[in-house]
Amino acid sequence: MKGSNFFNRVYEIVSQIPEGKVATYGQIAAMLGSPRAARIVGEAMRRTPEYLDIPCHRVISKDGTMAPGYAFGGEGKQREMLEKEGVIFKENGCVDMQRCLWRKPIMERDE
DNA sequence: GCGTTGACCTCCA
DNA sequence: CTGGAGGCCAACG
């Protein structure tokens, strides 16, 4: 396993995101050791293999916003499922990161 | 191996 | 809010 490090890593981390929590591209990229590779994380999400069952909807940008809409079928759609999972949304339409920003459990490399 | 593109991030106007 | 510019890394043609 561990074919392509980067993508595989992203998938691993994202799949570890619990319900009611969200992670940012930059955050995940930082976990991989490349805080500047947020774009790759985004591509990883875009190319998310279905068989991996990755909750890409829990991955958003740092501002608490998400992709324009070419993703899961619409931003509002994502907003609904995230809210359903327990994620809090602010009036401005962004996710309440302070409450729902997920942090990787301590015991796997530092950060 | 190069050039372009991309679900990003940050700064500045 | 919108716009441009720079930077990062990987996939695609």
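Chain letters run A, B, ... following the sequence lines, proteins first, then strands; residues in each count from 1. Since we're looking at a predicted model, the values are computed, not measured.
Among residues two or more places apart in sequence or in another chain, the side-chain contact (heavy atoms from CB on, under 4.5 Å) test is passed with A:Pro18 by A:Lys21, A:Trp102. In terms of the side-chain contact (heavy atoms from CB on, under 4.5 Å) criterion, residue partners of A:Asp63 (sequence neighbours excluded) are, by chain and number, A:Thr65. Looking at residues two or more places apart in sequence or on another chain, you find no side-chain contact (heavy atoms from CB on, under 4.5 Å) involving A:Arg36. Scored by the side-chain contact (heavy atoms from CB on, under 4.5 Å) test, A:Asp53 finds no partners at all (sequence neighbours excluded).
The two residues A:Gly93 and A:Arg79 come nearest to each other via the heavy atoms CA-NH1, 4.3 Å.
In this structure, the CZ atom of A:Arg9 is 15 Å from the P atom of C:dA11, given to the nearest Å. We find that CE of A:Met97 is positioned 13 Å from C1' of B:dC9, with the value rounded to whole Å. Between A:Phe6 atom CZ and B:dC8 atom C1' there is a gap of 12 Å when expressed in whole angstrom units. As rounded to whole Å, 7 Å separates atom P of C:dC12 from atom CZ of A:Phe7. For A:Leu32 and B:dC8, the CG to P distance is 16 Å, given to the nearest whole Å.
Between A:Arg47 and C:dC12 there is a side-chain polar atom (N or O) within less than 4.0 angstrom of OP1 or OP2.
Projected onto DNA chain B by closest heavy-atom contact, A:Thr24 and A:Glu43 fall at different nucleotides, the more 5' of which corresponds to A:Glu43.
No hydrogens or angles were tested; on distance alone, a donor-acceptor pair under 3.5 Å links the side chain of A:Arg39 to the base of C:dG7.
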Restricting to nitrogen or oxygen on both sides, can you table the protein-nucleotides 10-13 of chain B pairs closer than 3.5 Å?
{"residue": "B:dT10", "atom": "OP1", "partner": "A:Lys62", "partner atom": "NZ", "Å": "2.3"}

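Residue pairs that meet the ring-ring contact (aromatic ring centres under 6.0 Å, His included) test with at least one member in residues 10-31 of chain A, sequence neighbours left out, are A:Phe7-A:Tyr11.
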